[in-house]
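So you know, we letter chains A, B, ... as the sequences are listed, proteins then strands, and number each from 1. Model, not experiment: these values are computed from the prediction.
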Amino acid sequence: MTKMKTAEKQETTKKQEETPAEEWQPRIVAFLCNWCSYAGADLAGVSRIQYPPNVRVIRVPCSGRINPLFILSALRQGIDGVLVSGCHPGDCHYISGNLVARRKFALLKNWLEYVGIEAERVQFSWVSAAEGGRFAQILQKVIESVKRVGPIQKLTKKL
Amino acid sequence: MPEIMIAKTVDKKKFADLAKAIVSRGYRLYGPVRNGGEVTLGEVGEEPEFDFDYRNFKMSPKEFFLPQSEVLCRFCRGELAEDAAPAPQKRVLLGLRPCDARAIWLLDKVFLEEPEDFYYKQKRENTVVISVACANPATTCFCTSVGGGPAAAEGSDILLFDLGEAFLLEAVSERGEEFLNQFSKMTKDATKKQVAQKKKIAEEAASRMEKLPLDGVAERLAKAFDSDLWEAPSQKCLGCGICTYFCPTCYCFDVTDETLRENGRRVRTWDSCMYSPFTLHASGHNPRPSQKERVRQRFMHKFSYAVDNSGQLFCVGCGRCIVNCPVNIDLREVIAP
Amino acid sequence: MSENVKMSDDLKAVAKKLFEEKKIDLLIGYEKGTLPLRTTPCFVTSAGDCDRLVWDGFCSNNLAVYLPRLFSREGRPKDWRPPRVAVVAKGCDGRSLVGLVKEKQAPRDNLIIVGVPCRGVVDLKKVQAALDGKEPAGGEIAEDGTLTVHVDGGKDIRLGRDEVIFDSCKGCPHPDAPVCDIRVGQELAEKQAEADFGDIADFEAKSSQERWDAFVAEISKCIRCYACRQACPNCYCTTCFAEQTQPRWIGVGKDLTEVMIYHLGRIFHQAGRCVDCGACVRACPMDIDLRLFTRKILKDVKELFGYEAGVSLEEPPPLCTFKMEDDQSFITEP
């Protein structure tokens, strides 16, 4: 999983290096649960709903699969913002995966903010398979909020 | 024992001037820096004050020769980068205790003998070690039991003694003599009386230390591999690694590659035999599966295998492992019987 | 002083009886250490050995940390049976033991918890600060908790209880082990005040940059010796994420980013499990104020899920369960 992300990020790095004069674009990774949020994102695509290309999607079976280390690892590799999206509570394909995850996410978000990581960098949402438009709106909001806080400086690994 | 070559004195009031002169000659000067209740070896400020009234530095000075994290080389897209590990600016380490200096002398046997370690060597060659002889050993010190002493010269280039009104600086190596000669205008020759005074300080300090029964410990340990003396300390041992990180002679390291997209670097970092993954094989087998094997290994390496390899005990009696162990495992208790 | 001696004697008597009645194979307690003002963990296997045991305000180590490895089946022959172990437990240690039993790291039936009354444990770093460079030669704790330190070549120093005990002991809400098989000495007064998270709230009120700077300042001291992890009874993973190589989450070494992620990850793994025993802070050789961070997790677990670790054997751990009405104010809406 981590290798996939790295390969994808190499492409974006090249692009950034080739167009230094343009406005900085944030790099955002979105972990989407297969049954709801990923399908919702797919619906946005099929419906030709436009949203900025700053996001790379990683599909997971359920939002409950998210290991907090995925998020920390993304920040460490220089990703400016992370979105995790799952089914609405009560609609989880695995019944309660997102419900247990909800507790984990609440704690994690507070935890990272507590030590000084900007709140905008790690966000969580519920998007269903029918909500293509809503997915695009949430993404738009996330991208704009990450743009406001600028490129990530904290927790990035420098060689 | 290296011969004492020349002995000079400097008035305490003039010592700060000498320090400034050292810096103006292009040396980076590291000396005792107080931080709350602790003393560490750090870069001295613009207006240095020298107070050698401490037992020892919190951390050993091995960081100056074997840094905890050291970049060995860098690479990008398969090509090695030039000069990833430049030699440090020449520097003076002032304020080490003779036990820590002896530790450097022992590390030389590991890193400067065949095969030579390039990274260690370039740091070693650019360093002048000025040790400060001990007048007040701690109750956890036992350098005289492991071949050292409060005024031992191994590992040092210059030995400094506090004579009250003045410091006595004794060159105990060629590098030390060369160094002192650069500042001959700022120092006076030591008188016979002063030399006698410093001898007395050293003897008194040595007499205050408890002598542990360590004669022939290497042979005795070699027979104790299967003994049950390892049970008690290993039951308590948390495997935390503090002893190895604070020990001035522990030198085990790990080499890893770190990559981020197309860039990478090879890093050498301290590792500890007290951790389980230290001997974990790729197959999953671990020849030291429990804390018992690891605790035994540490003591036997220091007190038995090291003697086989280099002829010297690899403990200098600084006492840091005793003071810092969270569960009070006491080397003196384990080894003495 | 006399009370301490009586307590130690009572403890020895309890221990001897357990061995004589063949109820245990091993008792983990404390004995006098080799350094002044120190005790050290002690593993007793027979009635005759019980005289080594002591109980006083120097008994700082959390002994629960030894249980996972004692009961682990890894590498044991098929016919191995877990030992029957008694553990001398202060309040905090007792809560760690409850946690370990819940997480199936120690079978309740093989465990005898010997509760001892704790008035707080002496923080040697504070004593050292008061001694200002001089060395202690020994010391005693009076009944009211005052510590008298005999100084090597100097006068005695007297330190009041509140000056000298660990921060985690001040205002401790559970001085007695909540689940206990045998109690030595009388149970202390009712549960003390609730844990006070006022300092955490103060920290939360600071700006994001201030908090980051404070985090950097503390974590920069870290030498990544893993003492905090090894001293923590809850950190019993065979392979810690910080040392995992498949995948490699963080590199080895002292890079600040890696060290930060190690602490962020380790402390987050304690969510719903940490009992604030303070073992991590005590083990840390670099005086990092870990509790400034661990207690944030404790505060959130209390406020968001109404859960306190280590008090009940029946209550499910908060991250293994959920309520439909759990807070979701943090969710991003369009």
Side-chain angles (χ1 to χ4, degrees), chain A residues 1-3 67-73 75-76 83-86 88-90 96-120 122-127 131 133-142 145 149 153-159, chain C residues 200 203-204 206-216 218-219 241-242 244 246-251 255-258 260-265 267-269 271-272 292-293 295-297 299-301 303-305 307 317-334:
Chain A
M1 263 227 195
T2 330
K3 285 219 176 81
N67 181 341
L69 287 170
F70 293 176
I71 296 167
L72 287 172
S73 182
L75 298 177
R76 174 182 177 270
L83 171 68
V84 175
S85 186
H88 287 273
S96 56
N98 61 350
L99 296 171
V100 186
R102 181 168 56 178
R103 288 198 163 194
K104 209 167 20 177
F105 297 157
L107 285 176
L108 182 63
K109 189 153 167 63
N110 283 355
W111 178 226
L112 293 179
E113 269 176 57
Y114 182 76
V115 298
I117 309 287
E118 299 89 340
E120 291 83 344
V122 180
Q123 301 194 41
F124 302 92
S125 66
W126 307 130
V127 173
E131 293 176 321
R134 189 158 176 273
F135 177 76
Q137 283 178 306
I138 288 179
L139 232 46
Q140 189 79 42
K141 190 171 183 195
V142 169
S145 60
V149 287
Q153 315 274 9
K154 305 170 180 168
L155 275 194
T156 48
K157 170 83 174 167
K158 293 175 186 59
L159 286 185
Chain C
I200 303 295
F203 193 79
E204 283 170 350
K206 295 191 175 162
S207 75
S208 177
Q209 189 59 43
E210 277 179 303
R211 282 181 267 123
W212 176 253
D213 291 338
F215 183 55
V216 169
E218 286 302 313
I219 302 298
F241 81 92
Q244 216 173 334
Q246 284 172 332
R248 186 167 280 239
W249 299 109
I250 51 176
D255 254 21
L256 194 60
T257 301
E258 319 281 56
M260 281 183 181
I261 294 179
Y262 158 65
H263 285 286
L264 287 174
I267 295 174
F268 194 70
H269 273 158
L292 177 60
F293 304 107
R295 289 172 63 244
K296 166 60 177 169
I297 303 278
K299 175 174 185 277
D300 274 358
V301 166
E303 286 175 2
L304 290 172
F305 314 128
Y307 179 85
L319 286 183
C320 294
T321 183
F322 60 88
K323 289 206 170 80
M324 281 316 289
E325 55 290 0
D326 276 336
D327 173 75
Q328 53 174 46
S329 54
F330 64 95
I331 295 287
T332 300
E333 302 281 350

CH2 of C:Trp212 to OG of C:Ser207: how many Å apart, nearest 0.5 Å? 13.5 Å
Given heavy-atom pairs under 4.5 angstrom as the criterion, report whether the side chain, backbone, both or neither of C:Lys206 touches chain A. neither
Using the six-membered ring wherever Trp is involved, compare the ring planes of A:Phe105 and A:Trp126 and label them parallel, tilted or perpendicular (cut-offs 30° and 60°). tilted
Between A:Pro89 and chain C, which part of the residue has a heavy atom less than 4.5 Å away: side chain, backbone, both or neither? both
Between chain A and each of C:Val216, C:Leu264, C:Ile261, C:Leu319, count heavy-atom pairs under 4.5 Å; write down the option with the most. C:Leu264
For A:Ser145, is it the side chain, the backbone, both, or neither that has a heavy atom closer than 4.5 Å to a heavy atom of chain C? neither
Less than 4.5 Å to any heavy atom of chain A: does that hold for the side chain of C:Val301, its backbone, both, or neither? both
Heaviest contributor of heavy-atom pairs below 4.5 Å to chain A, chosen from C:Asp213, C:Asp327, C:Ile267, is C:Ile267
Looking at A:Lys104, A:Arg76, A:Gln140, which one has more heavy-atom pairs under 4.5 Å with chain C than the rest? A:Arg76
Bottom line for C:Phe322: the part with an atom under 4.5 Å from chain A's heavy atoms is both
As a quick check of understanding, evaluate side-chain contact (heavy atoms from CB on, under 4.5 Å) for C:Trp249 and C:Glu258, giving each step before the final call. CA-CA 9 Å; C:Trp249 299 109; C:Glu258 319 281 56; over 6 Å; no
Looking at C:Glu204 and C:Arg211, does any basic side-chain N land under 4.0 Å from a carboxylate oxygen? no
Please check: side-chain N/O of C:Lys296 versus main-chain N/O of A:Trp111, any donor-acceptor pairing under 3.5 Å? no
Region of A:Leu112 that comes under 4.5 Å of a non-hydrogen atom in chain C: side chain
In terms of heavy-atom pairs under 4.5 Å, which option from A:Thr156, A:Val115, A:Ile138 contacts chain C the most? A:Val115
Taking the cut-offs as 6.0 angstrom to the six-membered ring centre and 45 degrees off its axis, would you call A:Arg103 and C:Phe305 a cation-pi pair? yes
Relative to chain A, which segment of C:Ile250 carries a heavy atom at a distance below 4.5 Å: side chain, backbone, both, or neither? both
Taking side chain as everything from C-beta outward and backbone as N, CA, C, O, which of these in C:Asp255 sits under 4.5 Å from a heavy atom of chain A? Side chain, backbone, both or neither. side chain
Applying ring pair (Phe, Tyr, Trp, His ring centres under 6.0 Å), run through C:His269 and C:Phe241 and close with a yes or a no. CA-CA 10 Å; C:His269 273 158; C:Phe241 81 92; 5.4 Å; yes
Taking atom types as modelled, is there a side-chain donor on A:Ser85 or A:Gln123 under 3.5 Å from an acceptor on the other? no
Interface residue of largest heavy-atom contact number with chain C, from A:Leu83, A:Leu72, A:Val142, A:Asn110, under 4.5 Å: A:Asn110
Return the option, out of C:Phe203, C:Phe268, C:Phe215, with the maximum number of heavy-atom pairs under 4.5 Å with chain A. C:Phe268
Assert top hit (heavy-atom pairs under 4.5 Å, partner chain C, pool A:Arg134, A:Gln137, A:Lys109, A:Glu118) equals A:Arg134
Which atoms of C:Leu304 approach chain A - backbone, side chain, both or neither, heavy atom under 4.5 Å: side chain
